[in-house]
Amino acid sequence: MEIQQITENKKQYLFLLLLADEQESLIDDYLDRGTMYVLLDDDDNAICECVVTDEGDGILEIQNIATAPAFHGKGYGRAMIEFLIQTYRGQFSVLRVGTGDSPLTIPFYEACGFVRSHVIPNYFLTHYNHPIYEAGILLVDKIYLQKALS
C-alpha cells in the first residue's frame, strides 16, 4: 500500500469525496486549490483519500477525508492523518479540520489528538441544499478541531 499525491483528474475519486462531503458543488470549491492524496492498495484501488488546503497563518486544513466503507475501522484514516503530520510538520504549525457534531467523526479526530477549536453555528443549514444526517443526527453546526504540528 502507498499514499500518492493526485495532481490531475481528481474527480475520478468523487465516489470517495462524496462520502465525506455530500454536496459536489462544495467539493468543487476546494478541490482545485487543494492538495489531494489517495491511499492505494496493491492493486491500485483507492481505499482512502484526503484533500488539504493552505489556509494561511500556518494553518493546513483537511477539507475532505474519507475511507471506503469496506475498509472502515482498519486504521487507514488514522494512517492518512499520520502521513499528513509527517509530511507537513515544519511547514505548517496547525492541522485543522471542520466537521459536523457527529458521534462518528468527533471521537475519531479526538483519538488522533485533535482538540476542539471553535464552532460555526448553523453551517450545515446554510451551506448545503439539503439536510445532512450522520448516525441519525441532523448536522447543524460546523465543529473545528486542530492539532499542533510542532
Of all the heavy-atom pairs spanning [X] and [Y], show the shortest one and how long it is.
X	Y	result
V97	I62	CG2-O, 3.8 Å
L139	S102	CD2-CB, 4.2 Å
L104	F108	O-CB, 3.9 Å
V52	C50	CG1-SG, 3.9 Å
L16	A46	CD1-CB, 3.8 Å
E49	L17	OE1-CD2, 3.4 Å

Mind running side-chain contact (heavy atoms from CB on, under 4.5 Å) on D101 and D141 for me, showing each step along the way? CA-CA 7 Å; D101 196 3; D141 301 332; 5.7 Å; no
Give a yes or no on whether a salt bridge exists between D28 and K11, defined as a side-chain N under 4.0 angstrom from a carboxylate O. yes
Is it true that atom CG of D57 has more than 12 heavy atoms of other residues, nucleotides or ligands lying nearer than 6.0 Å? no
Crowded around Q5 CD? As in, over 12 foreign heavy atoms under 6.0 Å? yes
Is there a donor-acceptor pair under 3.5 Å between the side chain of [X] and the backbone N or O of [Y]?
X	Y	value
S117	Y144	no
D54	L60	no
D43	N45	no
R78	A111	yes
Q23	N129	yes

Please answer: with hydrophobic residues joined when any side-chain heavy atoms are less than 4.5 Å apart, are L31 and L39 in the same cluster? no
If hydrophobic clusters are built from ILVMFWY residues whose side chains come within less than 4.5 Å, do Y123 and Y30 share one? no
Under the criterion side-chain hydrogen bond (donor to acceptor under 3.5 Å, both in side chains), which of E61, Q146, E55 is the partner of R96? E61
